[in-house]
Amino acid sequence: MTRLLLAIESTCDETAAAVITRDGQILGQSIATQEDLHQRFSGVVPEIAARAHLERMIPVVDSAIKQSGVQPKDLEAIAVATHPGLPGSLIVGLATAKGLALAWQKPIVGINHVQAHIYACGLGRSTSIYPCIGFVVSGGHTSLYKCETAMDWEYLGGTIDDAAGECFDKVAVMLGLPFPGGPELSKLAKTGDPKSIAFPRPLLDDKSRLEFSFSGLKTAVRYHLAGTGKQDWNEIDLAPQDKANVAASFEQAVVDCLVGKCMQAVRRTGLQRVCVGGGVAANSVFRSQLQSACEAMGCEVIFAPRELCTDNAAMGALAWERIDRGDFDDLTLDVQPGLIRPSKLK
Ligand code: KG4
Ligand code: ZN
């Protein structure tokens, strides 16, 4: 009999549910984005996100289940991302999962959203992606992990301030692009010259630490646009080619940091495979340059399928790793908003 799992995701601003088989087949999937709600603030507003999850969660779960053709009684468990994320958003997903678990008499399994982004790289593949360097590059995270297995991992390093995706989004605002700005900025960058402006590559040359810092790069772009000492870049009217050059030079600076630090992690751990997930993993320049850098070191690189790079519930298939061990949570399960750094945690 096919083993079935319902997974729920609501860590940030996507409300998502999926029905997934033990071998990673997605039988039903539904995602409601909130971009329209956060657009005018140029960033995710936590209170609005939580309330929107509340409105959309049940219709989203309903749609994923209907699409799958599965009956709730046939589900083996209910998985939910409980950490890390925005507290109000996480609570809506968890409360929904608890309600369904109670109503349908199913066990509940809390999962780590960041590890699920890495796990997404293995969906649809017949062989295991572990051991690997897990690299999560998203709107909220830029973190490197040494992953022995899906459940046995160690934090190697990450950003000490902004996440890469967040930096894309903020620079996109400076360029007058709509939120979320990453994909728009990347589109604009295609017509620009990545060598035209020498933006900084923070921490890249410091080989003693596998850390990233993007807030200074963001400020460097801001000063480039407005001029040192000026406060309002809205008055700056750049020619389209200049804008494209800023976008391309900025994108190249971020990509150099991401690729450089990832290769330092490969050298440090000796692992021969890199698995990349998170929204920024959809960026074409990043994909091709990381691919080339890995090839040059004889290392395999696996990106999450493009449709599973940004937040989704299918990556909740990670829960199978716990279900197989009979490792379930109970109804006292709570959310953990902060990033978990030590090794060997679930
Ligand atoms: O994984 P995700 O949904 O968010 C978190 O879990 O935090 O990723 C969303 C982020 C946004 O910051 C978005 O601008 C960025 O990923 N992003 C991109 C691209 N597509 C999405 N950034 C750069 N280039 C892209 N093509
Ligand atoms: Zn995410």
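Indexing begins at 1, ligand by ligand and atom by atom, following the structure's order. As the structure is a computational prediction, the values presented were derived from the model and not from experiment. Residues: numbered from 1 along the sequence shown.
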Side chains of R273 and C299 in contact at under 4.5 Å (non-hydrogen atoms):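 The answer is no; the side chains never approach within 4.5 Å.
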Flag side-chain contact, heavy atom, 4.5 Å: T21 against L4: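 In contact.
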Looking only at protein heavy atoms, which one is nearest to [atom], and how far off is it?
atom                    : answer
atom 1 (O) of ligand 1  : G279 N, 3.0 Å
atom 3 (O) of ligand 1  : D311 N, 3.1 Å
atom 7 (O) of ligand 1  : G140 N, 2.7 Å
atom 22 (N) of ligand 1 : G182 CA, 3.5 Å

Verdict with reasoning, F250 to F168, per ring-ring contact (aromatic ring centres under 6.0 Å, His included): CA-CA 9 Å; F250 161 76; F168 264 97; 5.3 Å; yes
Ligand 1 versus H141: contacting region, heavy-atom distance under 4.0 Å: neither
Ligand 1-proximal atoms of C12, by part, heavy-atom distance under 4.0 Å: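 Answer for C12: neither.
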Mutual orientation of the aromatic rings belonging to H141 and H113 [parallel < 30°, tilted 30-60°, perpendicular > 60°]: tilted
Residues that [X] engages under side-chain contact (heavy atoms from CB on, under 4.5 Å), provided they are two or more places apart:
X    : result
E321 : R22, Y119, A150, M151, L318
E211 : I160, L203, R209
E14  : I31, T33, D311

Of the listed options D169, V136, N283, closest to atom 12 (O) of ligand 1 (non-hydrogen atoms): D169
Selected option - heavy-atom contact closest to atom 10 (C) of ligand 1, from G139, A304, G43, G181: G139
Which ligand 1 atoms, with their elements, are less than 4.0 angstrom from a heavy-atom of [X]?
X    : answer
G165 : 12 (O)
C309 : 1 (O)
H117 : 1 (O), 6 (O)
H113 : 6 (O)

Verdict with supporting geometry, H53 and S10, side-chain hydrogen bond (donor to acceptor under 3.5 Å, both in side chains): CA-CA 7 Å; H53 284 308; S10 67; 4.9 Å; no
Steps toward side-chain contact (heavy atoms from CB on, under 4.5 Å) verdict (T11, E9): CA-CA 6 Å; T11 56; E9 152 68 35; 2.6 Å; yes
Q241/D193 under side-chain hydrogen bond (donor to acceptor under 3.5 Å, both in side chains): CA gap, chis, key distance, verdict: CA-CA 9 Å; Q241 189 56 51; D193 174 6; over 6 Å; no
Distance filter under 2.8 Å, centred on the Zn ion (ligand 2) - protein N, O or S atoms that pass it: H113 NE2, H117 NE2, D311 OD1
Backbone N/O of M1 and side chain of R3: donor-acceptor pair under 3.5 Å: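 Side chain of R3 to backbone of M1: no pair is present.
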side-chain hydrogen bond (donor to acceptor under 3.5 Å, both in side chains) evaluation trace for S30 with Q67: CA-CA 9 Å; S30 177; Q67 216 184 86; 5.8 Å; no
